[in-house]
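Report on the following structure.
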Amino acid sequence: MQINVSQQLKASIGSIRNYEISGMVDIAGDGGSSLVQGEVRLMRTDRGILAKGILHTEVEVTCSRCLSLFSCPVTLNIEEEYFPTTDVVSGAWAPLPEEPGCFSIDEHHILDLAEAIRQYVLLVIPMKPLCREDCAGLCPHCGHNLNHGACDCPPQDADPRWSELRGLTLASEVSVNKRKGTE
Ligand SMILES: [Zn+2]
Ligand SMILES: [Zn+2]
């Protein structure tokens, strides 16, 4: 995810370069890597380089219902300004603006998108991921993953205490309907 921007830093403000991105990034910071692909447009600003692009990748998340790991495709709408740490012409050290968490271009004029990608992924991961829309979840009694078929637990209807209650509910619904019918 590294782009050498030394030439673009010498270009005039407003100059634009487009890059096709395809590479591996350690998104979770655990030594693994995910394929990140997309397009990034870099624009020379008065202070540095504005990176704007749409990137696609997949992240491993845990289903909130059945607790299985699955790959969740995510789209990142990245827009970040990168500031040089070294003046590209003189080689002199250039102070970064006093903005918390701003992204920098290193002394070799490399703009690295990896950190921005990591931060944007955190923003788009769903709070309660589902492996599929109709995930059946786990059996509350034995913990069996019901996506793999039914377990051996007796069905809820077999509990006599519930069936009695259900009969009561049905009876009251019927009487309500009857009352409505007579109006
Ligand atoms: Zn699930
Ligand atoms: Zn069960």
Side-chain angles (χ1 to χ4, degrees), residues 1-3 18-42 49-82 99-104 110-181:
M1 288 301 119
Q2 300 187 333
I3 303 170
N18 294 308
Y19 292 88
E20 294 269 340
I21 297 285
S22 178
M24 307 303 286
V25 176
D26 176 8
I27 288 177
D30 60 1
S33 56
S34 308
L35 179 63
V36 179
Q37 289 180 301
E39 277 178 47
V40 173
R41 163 172 289 206
L42 301 187
I49 302 270
L50 179 68
K52 225 173 150 177
I54 297 178
L55 301 175
H56 306 276
T57 187
E58 289 195 349
V59 286
E60 284 263 289
V61 291
T62 305
C63 175
S64 60
R65 240 181 245 168
C66 71
L67 307 181
S68 60
L69 269 180
F70 69 99
S71 275
C72 176
V74 293
T75 299
L76 313 173
N77 269 297
I78 287 185
E79 182 169 346
E80 287 295 336
E81 193 169 11
Y82 285 74
E99 286 171 28
C102 75
F103 291 103
S104 59
I110 300 294
L111 184 158
D112 191 349
L113 291 169
E115 183 52 33
I117 289 168
R118 275 191 281 271
Q119 292 185 12
Y120 277 72
V121 163
L122 291 179
L123 295 176
V124 297
I125 289 180
M127 293 289 281
K128 290 196 168 172
L130 286 180
C131 62
R132 57 187 213 212
E133 204 121 325
D134 60 346
C135 170
L138 302 176
C139 168
H141 302 292
C142 70
H144 175 78
N145 186 338
L146 297 172
N147 295 316
H148 302 152
C151 55
D152 294 328
C153 295
Q156 302 253 328
D157 290 337
D159 191 327
R161 287 167 297 176
W162 288 112
S163 56
E164 215 162 283
L165 270 179
R166 199 159 291 146
L168 280 176
T169 325
L170 272 176
S172 60
E173 269 169 20
V174 168
S175 65
V176 167
N177 285 341
K178 270 190 191 147
R179 227 173 289 149
K180 267 188 190 158

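What you see is a predicted model; the values in this text were computed from it and never measured. Read the numbers this way: they start at 1 and go in the same order the structure lists the ligands and their atoms.
Rounding to 10°, one obtains 110° for the angle at the Zn ion (ligand 2) between SG (C153) and SG (C139). Seen from the Zn ion (ligand 2), atom SG of C142 and atom SG of C151 lie 110° apart in angle, a value rounded to 10°. The SG atom of C131, the Zn ion (ligand 1) and the SG atom of C66 define an angle of 110° (nearest 10 degrees). For the pair SG of C135 and SG of C63, the angle at the Zn ion (ligand 1) is about 110°; rounding is to 10 degrees.
Around atom CZ of R118, more than 12 heavy atoms belonging to other residues, nucleotides or ligands sit under 6.0 Å away.
In terms of heavy atoms, T75 sits closest to V124 at O-CG1, 4.0 Å.
Residues I21 and I3 have side chains in contact (heavy-atom distance under 4.5 Å, counting atoms from C-beta outward). Here the side chains of H56 and V36 are not in contact, with every heavy-atom distance at 4.5 Å or above.
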